[in-house]
Amino acid sequence: MTTTAAQQGYGLRDRSCLVTGAASGIGRATASLLARQGARVVAADRDAAGLAGLVQTLDAEGLALTRVEGDVTRAEDVRRMVDAAVRAFGRLDVAVANAGILPLSGLEETSPEDWDAVMAVDGRGMFLTCKYAIAAMQAQERPGGSVVCVSSISGMAGQARQAAYGPAKFVATGLTKHLAVEWAARGVRVNAVAPGTIRTERVLRLDDEPGGPEYLREVTGAHPMARLGEPEEVAHAIAFLASDAASFITGAVLPVDGGYLAQ
Ligand code: NAI
């Protein structure tokens, strides 16, 4: 990513934005990009130390953001994240439903409890974020806004060892399409990105998991560009979809995957 591209504006200056899962990886890159574009950002995560690190990094650049510690599986926490944006900035323009957990697990080793744990964050958490963000967007003066869900190539096509995670990401894709249709006439756009494998903290930890290094090698090779994506490359696609530059785009799931889904 060149500096010029990174500094390009998406017209998000002063927009009030909520990013969940902002302490790490794609969420952190997105919160940082939005803040650098002049947006007013609430960064939410259950990882307080990670959020503190993000605040410190941006502070060194003279940028401020509001942080909220909370768990997206809990309705009251998600309401608190949304309320923080409305309280701090007077409204909510953009919500990025990004928080997720990414287990690598085939059907035989996935327990019923594992299924529930993934669905709680990647399914229910994404639903709650859309629900309370859109409620705030609808209730405000000049109603409307833009939601971007973070789906995955695993939410668009089948892969091995994604027995619970893959179906959970289909929830993100499904929410995007259904809510886009339901809310289009009321000025709320709902889109998604479908990242390929991205070099986030989570993916780097695969190196220490059984079968992880082999999986990483295989999956990297399965991307036509033959490399992992960078969190910033996903953040730019999210910023575009969130912005007025995408004003006639809703219900879209934009692959950010080095050509993976084109095969
Ligand atoms: P990550 O693990 O680096 O970051 C995820 C963040 O979400 C962490 O800061 C974590 O604390 C937070 N989080 C997890 N559960 C939470 C909860 N219940 N409440 C609040 N915060 C919570 O992961 P990464 O890779 O940045 O993933 C972010 C999103 O991107 C996820 O939705 C994931 O499914 C999606 N994605 C990631 C890909 C990748 O290759 N890294 C590929 C495709 C999609």
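In what follows, residues are counted from 1 in the order of the sequence shown. Since the structure is predicted, the reported quantities are computational estimates derived from the model, not experimental observations. Order of listing sets the numbers, starting from 1, for every ligand and every atom in it.
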So between D45, D47, L54, whose heavy atom ends up nearest atom 11 (O) of ligand 1? D45
How far apart are the C-alpha atoms of D244 and S247, what are their side-chain angles, what is the distance that settles it, and do they pass the side chain to side chain donor-acceptor pair (under 3.5 Å) test? CA-CA 5 Å; D244 291 348; S247 52; over 6 Å; no
Which residue and heavy atom of the protein sit nearest atom 16 (C) of ligand 1, plus the separation: R46 NE, 3.4 Å
Atoms of ligand 1 less than 4.0 Å from G25 heavy atoms? 3 (O), 26 (O)
In this structure, atom 26 (O) of ligand 1 is nearest to the protein heavy atom I26 N, 2.9 Å
Mind listing the closest non-hydrogen atom pair of V171 and G123 along with its distance? CG1-CA, 3.9 Å
Which of the atoms in ligand 1, numbered in the order shown and given with their element, are less than 4.0 Å from a heavy-atom of D71? 17 (C), 18 (N), 19 (N)
Interfacing atoms of ligand 1 (cut-off 4.0 Å, heavy-atom, Y165): 33 (C), 34 (O), 35 (C), 36 (N), 43 (C), 44 (C)
If you take all heavy atoms of M137 and D93, which pair is closest and at what distance? CE-O, 3.5 Å
As an exercise, identify every atom of ligand 1 less than 4.0 angstrom from a heavy atom of N98. 28 (C), 29 (C), 30 (O), 31 (C), 32 (O)
Does T200 approach ligand 1 within less than 4.0 angstrom via side chain, backbone, both or neither, non-hydrogen atoms only? side chain
State whether the shortest distance between N or O atoms of V72 and N or O atoms of ligand 1 falls below 3.5 angstrom. yes
If you apply the rule salt bridge (Lys or Arg N to Asp or Glu O under 4.0 Å), what do you find for R227 with E233, and how did you get there? CA-CA 13 Å; R227 67 168 175 88; E233 293 177 303; 2.9 Å; yes
Test I198 against E230 for side chain to side chain contact (heavy atoms under 4.5 Å, CB included), laying out the working first. CA-CA 5 Å; I198 308 299; E230 296 298 325; 5.7 Å; no
Could you establish whether G196 and ligand 1 come within less than 4.0 Å of each other, counting only heavy atoms on the residue side? yes
Per-atom filter on ligand 1: closer than 4.0 angstrom to a heavy atom of V203 are 39 (C), 40 (O), 41 (N)
Mind running salt bridge (Lys or Arg N to Asp or Glu O under 4.0 Å) on R80 and D83 for me, showing each step along the way? CA-CA 5 Å; R80 206 157 41 73; D83 287 349; over 6 Å; no
How far is atom 1 (P) of ligand 1 from its nearest protein heavy atom, and which residue and atom is that? S24 OG, 3.5 Å
Identify, by atom number and element, the atoms of ligand 1 in contact range of G70, meaning under 4.0 Å from any of its heavy atoms. 19 (N), 20 (C)
If we only count N/O pairs under 3.5 Å, is I198 in contact with ligand 1? yes
Counting non-hydrogen protein atoms only, what is the nearest one to atom 7 (O) of ligand 1? Give residue, atom name and distance. G21 CA, 3.4 Å
Stepwise, does the side chain to side chain donor-acceptor pair (under 3.5 Å) test hold for S151 with T173? CA-CA 6 Å; S151 181; T173 304; 2.8 Å; yes
Is there a side chain to side chain contact (heavy atoms under 4.5 Å, CB included) between L58 and V41? Walk through the geometry before answering. CA-CA 11 Å; L58 289 178; V41 179; over 6 Å; no
With side chain to side chain contact (heavy atoms under 4.5 Å, CB included) as the criterion, how do V253 and V193 come out once you've worked through the C-alpha distance, each side chain's angles and the decisive distance to 0.1 Å? CA-CA 5 Å; V253 184; V193 288; over 6 Å; no
Mind listing the closest non-hydrogen atom pair of W115 and T110 along with its distance? N-CG2, 4.3 Å
For R91, is there any backbone N or O sitting under 3.5 Å from a side-chain donor or acceptor partner on S16? yes
I'd like the name of whichever of V150, V234, L228 reaches closest to atom 30 (O) of ligand 1 through any heavy atom. V150
A43, A172, A117, G100: member with heavy atom nearest to atom 14 (C) of ligand 1: G100
Can you check which of D122, L102, L206 brings a heavy atom nearest to atom 38 (C) of ligand 1? L102
Does only the side chain of S151 get under 4.0 Å from ligand 1, or the backbone, or both, or neither? Count heavy atoms. backbone
Ligand 1 N/O within reach of S152 N/O, cut-off under 3.5 Å: no
Which ligand 1 atoms, with their elements, are less than 4.0 angstrom from a heavy-atom of K169? 31 (C), 32 (O), 33 (C), 34 (O)
Applying salt bridge (Lys or Arg N to Asp or Glu O under 4.0 Å), run through E209 and R202 and close with a yes or a no. CA-CA 11 Å; E209 291 175 25; R202 167 63 191 107; 2.8 Å; yes
Could you check whether R87 and T66, counting side-chain N and O atoms only, form a donor-acceptor pair closer than 3.5 Å? no
Please determine whether salt bridge (Lys or Arg N to Asp or Glu O under 4.0 Å) holds for the pair E61 and R36, giving the CA-CA distance in whole Å, both sets of side-chain angles, and the decisive distance to 0.1 Å. CA-CA 9 Å; E61 297 176 31; R36 288 175 185 138; 2.6 Å; yes
At under 4.0 Å between heavy atoms, what of T20 touches ligand 1? The answer is neither
Identify the closest protein heavy atom to atom 2 (O) of ligand 1: which residue and atom is it, and at what distance? R202 CB, 3.4 Å
